[in-house]
Every structure is written in C-alpha cells, then in structure tokens.
Amino acid sequence: MSAKIIDGTEIARAVRQEVKQAVNERIDRGLPVPGLATVLVGDNPASAVYVRNKHKACAEVGIRSIARALPADATQAEVEAVVNELNQDNSVDGILVQLPLPRHLDEEKILAAISITKDVDGFHPVNIGRLAQKGRDPLFVPCTPAGVMVLLEAAGAQLAGANAVVLGRSNIVGMPVALLLVKANATVTICHSRTRDLAAVCRQADVLVAAIGQPEMVRQDWVKPGAVVIDVGINRVPDPTAKKGSRLVGDVAFSEVAQIAGAITPVPGGVGPMTIAMLLKNTLRARQLAEQQAIQN
C-alpha cells in the first residue's frame with residue numbers, strides 16, 4: 001500500500017479539541033456557552049442515531065444542546081413554527097434540521113426558514129448562493145464539504161490549478177464540495193449518472209472526491225497515479241465474516257486504489273468524523289458572530 005492514509009478520526013479530534021478549548025476560555029471569561037438546537041421529524045432510526053451523536057459531541061466540548069422532536073406526520077406549519085421559535089431564542093446559536101425530512105414536507109422552505117445567522121448546517125439558500133458567487137463568502141459552509149477541504153489541506157493537496165473531479169451532485173455534498181474547490185482555484189468537473197466514460201474522466205483528476213453512494217464503484221484503473229482521493233461514501237454491504245453480518249465500505253475500492261493514489265481517506269475513519277467536528281466549529285462561530293453583531297449594533 002503506497003498511499004498516505006488521511007486519518008479523519010485524528011484530524012477531527014484536533015478540531016474538537018480546538019472547539020473545546022475555545023468554549024472553556026469563554027466559560028472562564030464568563031461568556032455565554034454556544035447553543036445548538038436539533039429538530040428531528042419522524043422516527044427514522046438512522047436520523048435518530050445521527051442526532052444522538054451530535055448531542056453527545058456537544059456535551060464533550062461543552063456546547064449546550066437542545067433537542068426538539070416532532071412526529072412523522074407533523075405539518076409544514078408545525079415544523080416551521082418550531083424553527084421560528086428557535087430563531088427567536090437568543091440562547092440558541094445554531095439550528096440543525098435533520099435530513100431527510102418526511103416526503104410530505106417542503107425541505108427547501110423549512111431550510112429557508114432558519115435564520116441565516118443560525119444556519120450552522122450551511123444549507124440556507126443564501127449561504128449556498130454566496131458559496132456559488134465569486135468574491136462572496138457564506139456565513140457557514142456545509143459541514144461535510146468543509147470537512148473534505150480540511151482533509152485535503154491535511155493531505156497537502158495543491159488545489160490551485162489542479163484538475164478536481166467530484167463524483168456526485170447532491171445538494172448536501174457534491175455541489176458544495178465542487179463550489180469550494182472552485183473557490184480554491186481548482187478546475188472542477190462534476191460527474192453524475194449521465195457522464196460519458198466516467199472512468200476516463202476520473203483518471204484526469206489530481207483530486208478525486210467520491211460522493212455517489214455506490215459501494216466500491218471507483219476502482220484502481222479509474223485513478224490517476226498519485227491522485228488525492230477523498231471517499232465520502234458510507235455503504236453497508238453483506239459480509240458473513242463480520243460480527244453483524246455486514247461491513248461499511250466507501251464509494252472507492254480502498255485496497256485497490258490505495259496501491260496507486262498519493263493519499264486516500266479510509267471508510268470508516270475518514271470523512272465521517274469530520275462532519276460533526278465541523279458542525280461544532282460552526283456552532284462556536286455562530287455564537288462569535290452573534291456577539292460581533294451585537295457590538296456593532
């Protein structure tokens with residue numbers, strides 16, 4: 001195995017420690033502790049686990065967390081009312097609506113209802129719009145894409161002038177990552193199910209970000225020797241030798257690609273730990289921005 005392994009677990013631990021130290025310093029100075037509110041609609045087991053992990057992470061770094069849960073049949077008005085209530089709560093610095101929402105709800109309207117100054121998930125249309133515009137910056141960058149950029153920096157990736165390929169065009173990962181890479185002066189190609197000769201396009205990449213949700217789709221012959229490969233995928237596949245009868249794999253065939261890549265993230269232990277770490281960092285930033293705004297007013 002020749003590739004440098006990008007240890008997301010260790011890098012995320014450093015980010016969390018940085019946030020924890022900043023929160024402790026605030027406590028020592030008698031300043032308010034940052035607060036994060038989560039809104040969970042329905043009883044999706046995976047979403048419940050994600051929310052629980054976010055609250056646990058908040059506790060570990062000293063951030064106060066508030067959980068709001070609604071039933072799966074909650075109406076659009078009921079969900080928006082909860083968001084608006086949290087918008088008005090000065091003890092809440094960040095609001096996270098756990099996705100996906102039940103299909104009868106208008107996700108875009110609910111995300112747009114979050115105050116842009118509390119949009120720690122970075123999905124508000126204005127934040128995404130600023131991300132897409134040259135010379136403008138969002139208040140918050142979506143957490144997983146932000147984590148990807150931190151991992152690329154840790155890997156020593158030279159992004160300016162590089163050919164970057166993003167596999168996947170989701171609103172949560174693919175598109176924001178592509179926009180961040182453009183801001184870093186990379187030349188970016190976004191691939192999807194209609195892309196012709198996908199493997200050939202990927203082989204041109206100095207930086208390859210896989211976020212397509214297809215287990216081990218990216219094979220060794222898709223990757224340019226020495227490329228930096230970031231695997232965002234988390235897929236569970238059957239494995240009779242595993243204790244649970246299955247195991248987690250990414251969108252990249254790790255053991256193959258690691259033989260040729262210059263650097264690569266593992267699954268698990270790569271991008272995954274970065275998402276919550278960047279959420280904590282965004283929540284701290286939200287509190288700091290609120291205080292700066294109060295001083296200016």
Side-chain angles (χ1 to χ4, degrees), residues 8-9 12 16 35-61 63-83 86 92 94-111 113-114 119-123 142-145 147-148 168 170-174 176 210-217 231-252 265-280 282-283:
T9 300
R16 289 188 187 211
L36 173 69
T38 62
V39 179
L40 176 63
V41 184
D43 52 6
N44 182 305
S47 292
V49 170
Y50 293 147
V51 168
R52 187 161 59 246
N53 288 342
K54 289 165 184 174
H55 286 277
K56 180 181 177 183
C58 284
E60 289 173 354
V61 300
I63 288 176
R64 189 174 65 88
S65 61
I66 305 98
R68 299 296 300 272
L70 293 93
D73 60 356
T75 66
Q76 182 81 16
E78 288 171 336
V79 179
E80 290 187 22
V82 169
V83 171
L86 295 171
V92 172
I95 302 171
L96 183 152
V97 175
Q98 183 63 44
L99 303 178
L101 291 167
R103 296 184 67 176
H104 69 280
L105 296 173
D106 187 327
E107 178 182 298
E108 184 175 356
K109 284 186 177 180
I110 290 171
L111 294 178
I114 299 171
D119 175 38
V120 290
D121 242 353
F123 294 146
C143 301
T144 299
V148 167
S170 73
N171 291 334
I172 294 175
V173 179
I212 47 176
Q214 297 293 326
E216 300 183 319
M217 182 174 177
D231 190 351
V232 184
I234 301 178
N235 312 283
R236 189 166 290 280
V237 297
D239 183 352
T241 67
K243 185 176 180 181
K244 294 182 178 180
S246 63
R247 60 188 172 89
L248 290 178
V249 299
D251 292 345
V252 176
T265 57
V267 176
V271 175
M274 295 300 299
T275 299
I276 292 181
M278 301 313 292
L279 172 65
L280 299 173
N282 276 355
T283 303

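What you see below is based on every heavy atom in this structure, not just the backbone, and it leaves out hydrogens, waters and symmetry mates.
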Chemist: Can you name the side-chain contact (heavy atoms from CB on, under 4.5 Å) partners of Gln76, sequence neighbours left out?
Modeler: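 Gln76: side-chain contact (heavy atoms from CB on, under 4.5 Å) contacts with Glu80, Leu105, Asp106, Lys109, Ile110.
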
Chemist: Report the residues that fulfil side chain to side chain donor-acceptor pair (under 3.5 Å) with Glu60, sequence neighbours left out, ordered by chain and then residue number.
Modeler: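 With sequence neighbours excluded, Glu60 shows a side chain to side chain donor-acceptor pair (under 3.5 Å) to Arg16, given in chain and number order.
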
Chemist: Enter the distance from Ile172:CD1 to Thr275:OG1 here, rounded to the nearest 0.5 Å.
Modeler: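 One gets 10.5 Å once the value is rounded to the nearest 0.5 Å.
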
Chemist: Quick check for you: to the nearest 0.5 Å, what is the distance between Tyr50 atom OH and Leu279 atom CG?
Modeler: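 It comes to 14.0 Å.
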
Chemist: Side chain to side chain contact (heavy atoms under 4.5 Å, CB included) between Leu70 and Val79: does it pass, once the steps are laid out?
Modeler: CA-CA 8 Å; Leu70 293 93; Val79 179; 4.3 Å; yes

Chemist: Roughly how far, to the nearest 0.5 Å, is the CD1 atom of Ile114 from the CG atom of Leu96?
Modeler: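 So the gap between those two atoms works out to 7.5 Å.
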
Chemist: Heavy atoms only: give me the nearest Cys58-Leu36 pair and the separation to one decimal.
Modeler: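 Taking every non-hydrogen atom into account, SG-CD2, 3.6 Å.
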
Chemist: To the nearest 0.5 Å, how far apart are CG in Asp73 and CD in Glu78?
Modeler: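 The CD atom of Glu78 is 7.5 Å from CG of Asp73, to the nearest 0.5 Å.
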
Chemist: For residues 35-47, which residue pairs pass the side-chain hydrogen bond (donor to acceptor under 3.5 Å, both in side chains) check, not counting sequence neighbours?
Modeler: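 Of all non-adjacent pairs touching residues 35-47, those that pass side-chain hydrogen bond (donor to acceptor under 3.5 Å, both in side chains) are Thr38-His55.
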
Chemist: Any side-chain heavy atom of Met274 sitting closer than 4.5 Å to one from Thr144?
Modeler: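 Sidechains of Thr144 and Met274: no contact.
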
Chemist: Give, for atom CG of Leu111 and atom CG of Asp121, the distance between the pair rounded to the nearest 0.5 Å.
Modeler: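 If we round to the nearest 0.5 Å, Leu111:CG and Asp121:CG are 8.0 Å apart.
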
Chemist: If you look at every heavy atom in Leu248 and Arg236, which pair is closest and at what distance?
Modeler: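 Closest pair (atom of Leu248, atom of Arg236, distance): CD2-NH2, 3.6 Å.
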
Chemist: Would a distance-only check, ignoring hydrogens and angles, find a side-chain to backbone donor-acceptor pair under 3.5 Å from Asp231 to Val252?
Modeler: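 It does hold such a pair.
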
Chemist: So, the side chain of Asp119 versus the backbone of Phe123: is there a donor-acceptor pair under 3.5 Å, distance only?
Modeler: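 Here the side-chain-to-backbone pair exists.
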
Chemist: Grab the two heavy atoms, one from Pro142 and one from Pro176, that are nearest each other, plus how far apart they are.
Modeler: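 Minimum heavy-atom contact is CG-CB, 4.1 Å.
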
Chemist: Within the structure provided, determine whether Asn235 and Asp251 are in side-chain contact (heavy-atom separation under 4.5 Å).
Modeler: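 The answer is yes, as the side chains (C-beta and beyond) meet within the 4.5 Å cut-off.
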
Chemist: Please find the pair of heavy atoms, one from Gly213 and one from Pro215, that lie closest to each other, and give the distance.
Modeler: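 Scanning both residues completely, I find the closest heavy atoms to be O-CD, 3.9 Å.
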
Chemist: Does Cys143 form a side chain to side chain contact (heavy atoms under 4.5 Å, CB included) with Ile276? I'd like the steps, not just the answer.
Modeler: CA-CA 7 Å; Cys143 301; Ile276 292 181; over 6 Å; no

Chemist: What pair of heavy atoms forms the shortest contact from Val83 to Ile95, and how long is it?
Modeler: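 Heavy-atom minimum between the residues: O-CD1, 4.0 Å.
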
